[in-house]
Amino acid sequence: MPIRLFDTLSREIRPLQPADGQTLGFYCCGPTVYGPAHIGNFRTFLLQDVLRRTLEADGMAVNHVRNITDVDDKTIRQSQAEGMSLLAFTEKWTEKFHADCGRLNLLTPSEEPRATGHIPEQVAMIEKLVAGGHAYVAADGSVYFKVTSCEHYGELARLDREALRTQSTNSAGESNDADEYDRESVSDFALWKARKPEDGDNFWPSPWGEGRPGWHIECSAMSTRYLGESFDLHGGGVDLCFPHHENEIAQSECASGVRPFARHWFHSAHLMVEGAKMSKSLGNLYTLDDLVEKGHSPMAIRWALIAGHYRQQLNFTMNGLQAAASALAKLEKTLAPLLERLGVSRDEFRGWIAPNSLLTTGVFAPAWEALCEDLNVPAALGALFSALKDLDDPDFDKLALAGQLQGLGGLLYALGLDLFAVEESPAASAPEAVVALAQQRWEAKKNKDFASADALRAEIQAAGWQVLDRKDGFDLEKV
Ligand code: AMP
Ligand code: ZN
């Protein structure tokens, strides 16, 4: 079934297909590694992961490239503040990012290039731009991209081209070298930043003198290196649309002479927290650790972050996270007796969570179709629960049931929902005292001392936790 997706450049929902008919090249702007990623970053990475998984569940090969931004104003400033070399500092935060990705069940990209590992490619691209008259060298040895030299500059962000021409003429020669840019102004931007004393040891040689690359050029150079001058799909959060992606297009197309740089653009809307923009000063900036420390499981967090449509802002709330945890628990609870009927263990079922073609025909087909039509995760989750209701029939033929549940495995693969995962279950993060009570209750229940078991359940509940019985043990869920 063709997978269709909204394309920011054409403003249309279009089929997503690899140009070579085989492997879809997918570039994603990755994290800037100067601290732990927040849940907004993860919403974007998770939606890219769901898209990749959906393509794979459909039988498509995906060459997924996601970079690591390990040199910019923020990484340099922060590494100096902590008295670490840029390399050691960014390595530390890259490792943390990988660990968080693992807990959230994100697939590892096919390639994960680092900006500092691709300086020669960036320098070579800048040389081409200078030679082609698209870039100029300033007096201090910095190199700037000349926005007016690119005829189609502004197409992605739909900038007013007339205003742009006037503005560029009025502000001729005005340039901008900040990595933390002003979104409202259009100006020539830095491709190469001449060495400044505050950069410390962080500089590289170039034909224009020592310095470091600007932020935008790294993605152009690395996507070209790994996916070619024109590739299938490019993704990022909506904030990157302008100027970052606009600049990527301009640099890449002016350097290579090949259009389009990316054939399809995938932007995900931002995550808000309790109705407000996330910020440290409001105290609403959450990392994965913050939420796990509050007793939430990474899988419930994954569910909460992908559950809204990618083109709509997601308002993340603690109630929403509770609802996600309940939905996940309900899914597992509904599934458990069906697996028992088939004599399939939870571990065996986890092995079914893989791409498979059974998904497209059975009761889960409507959920699958929702994913295929502009990655409608909320509709897919809704359809998944209605399909499960259809299966909850003791007369359902066992063989047919097995086939349907394998189809469900394909859907869960696409959503990246690793059901019955024991790793970091809420039980693991419940306070020791609560776990001890739950163990006492489990013993009491085994000894058929139901009065004590009930009393202990009440005590656990009063401490803010709920015990969920399993065949071979228990789970603890935060109330
Ligand atoms: P950064 O580490 O700042 O380069 O961002 C990594 C990714 O997270 C980019 O694709 C951003 O667009 C995305 N991003 C940043 N903030 C949010 C947010 N609040 N909601 C969703 N995505 C975000
Ligand atoms: Zn980028």
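Just follow the structure's listing: the first ligand is 1, and inside any ligand the first atom is 1. Nothing here was measured: the structure is a model prediction, and the numbers come from that model.
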Residues passing the ring pair (Phe, Tyr, Trp, His ring centres under 6.0 Å) test with Phe26, sequence neighbours excluded, are His64
Among all residues two or more places apart in sequence or in another chain, which pass the side chain to side chain contact (heavy atoms under 4.5 Å, CB included) test with Ser326?
none
Ion pair present between Glu246 and Arg158, side-chain N to carboxylate O less than 4.0 angstrom?
no
In a check of side-chain hydrogen bond (donor to acceptor under 3.5 Å, both in side chains) between Asp70 and each of Thr116, Thr90, Thr94, Thr75, which one passes?
Thr116
Do Asp7 and Arg11 sit within salt-bridge range, that is, some charged N less than 4.0 Å from a carboxylate O?
no
Tally of protein N/O/S atoms under 2.8 Å from the Zn ion (ligand 2)?
4
Salt-bridged, Lys193 to Asp73, with N to O below 4.0 Å?
yes
Strictly under 4.0 angstrom, heavy-atom based: which residues surround ligand 1?
Gly30, Pro31, Thr32, His38, Gly40, Asn41, Thr44, Phe45, Gly236, Gly237, Asp239, Leu240, His270, Leu271, Met278
Between Thr317 and Asn315, do the side chains contain a donor N or O and an acceptor N or O under 3.5 Å apart?
no
If you compare all heavy atoms of Ala307 against all heavy atoms of Val377, which two are closest, and at what distance to 0.1 Å?
CA-CG1, 4.3 Å
Between Glu91, Glu218, Glu121, which is the residue that forms a salt bridge (Lys or Arg N to Asp or Glu O under 4.0 Å) with Arg114?
Glu91
